[in-house]
Amino acid sequence: MEIVIRRATLDDNPEWFNMRKGIWPEAPDEYMDFDMDDILASENDAVFFAWVDGKPVGMIEARLRDYGEGCETSPVGYVEGWFVYPEMRGKGIAGALTQAAEDWARGKGCSEMASDTWLDNEASIRAHLKMGYFEVERLVHFVKQL
Ligand SMILES: CC(C)(COP(=O)(O)OP(=O)(O)OC[C@H]1O[C@@H](n2cnc3c(N)ncnc32)[C@H](O)[C@@H]1OP(=O)(O)O)[C@@H](O)C(=O)NCCC(=O)NCCS
């Protein structure tokens, strides 16, 4: 199986939207697509798609962040979103996407890459570990009605 990785373009927006919904199914549609054009135009962001047999099968969103938890340098590359369609998982596609994002961050002068996921996202945690990431911190999120 050949995995082709390439930068996303505006034409990929509908597919990218679907993949974002795959990561954050409960987020409102407006929230999912409000920043897509800006991200593609930004020097500080990169979105890569993985293609197999001419079909998009996964994506990674990477960004330069001034601060990454557990990091010692700044800026750092940060994995903002990572998705592979369920039927294509376990074939190394996320690994290929991660490599592209890391190469991009390295090219931007970064020497560290950071990421996060939910505490109960076993597949993602294992995939991160397998790719050489190690756990540095656990966060708790809060909300108060105003
Ligand atoms: C996380 C995710 C992107 C991994 O994609 P993937 O293409 O299946 O990952 P890979 O095939 O490249 O696997 C990389 C390594 O992770 C590990 N891994 C991945 N999924 C796993 C699972 N379900 N159980 C155990 N280990 C797993 C494996 O060790 C694998 O290494 P190996 O192939 O040498 O065994 C995918 O599961 C996904 O899209 N999940 C839903 C969205 C999500 O949670 N995104 C992350 C939060 S932003």
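This chain uses plain numbering: 1 for the first residue, then up along the sequence. Read the numbers this way: they start at 1 and go in the same order the structure lists the ligands and their atoms.
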Between ligand 1 and the protein, tabulate every N or O atom pair separated by less than 3.5 Å, reporting distance only.
from     : atom 1 : to   : atom 2 : distance (Å)
ligand 1 : 7 (O)  : A94  : N      : 3.1
ligand 1 : 8 (O)  : G90  : N      : 2.7
ligand 1 : 11 (O) : G90  : N      : 3.3
ligand 1 : 11 (O) : K91  : N      : 3.1
ligand 1 : 11 (O) : G92  : N      : 2.7
ligand 1 : 12 (O) : A94  : N      : 3.2
ligand 1 : 12 (O) : G95  : N      : 3.0
ligand 1 : 34 (O) : K130 : NZ     : 3.1
ligand 1 : 39 (O) : V84  : N      : 2.8
ligand 1 : 39 (O) : V84  : O      : 3.3
ligand 1 : 39 (O) : R89  : NE     : 3.4
ligand 1 : 39 (O) : R89  : NH2    : 3.4
ligand 1 : 44 (O) : N121 : ND2    : 2.6
ligand 1 : 45 (N) : W82  : O      : 2.7

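Separating the OH atom in Y133 from the CG atom in D116 is a distance of 11.5 Å, to the nearest 0.5 Å. Rounding to the nearest 0.5 Å gives a distance of 12.5 Å between CG of D38 and CG of N44.
Although no hydrogens or angles enter the test, the distance criterion places a donor-acceptor pair under 3.5 Å between the side chain of R20 and the main chain of M32. For the pair K21 (side chain) and A27 (backbone), a donor-acceptor distance under 3.5 Å is present.
Between F83 and Y85, the ring-plane angle classifies as perpendicular under the 30° and 60° cut-offs.
Every residue meeting the side-chain contact (heavy atoms from CB on, under 4.5 Å) condition with A123, not counting sequence neighbours, appears here in chain and number order: N121.
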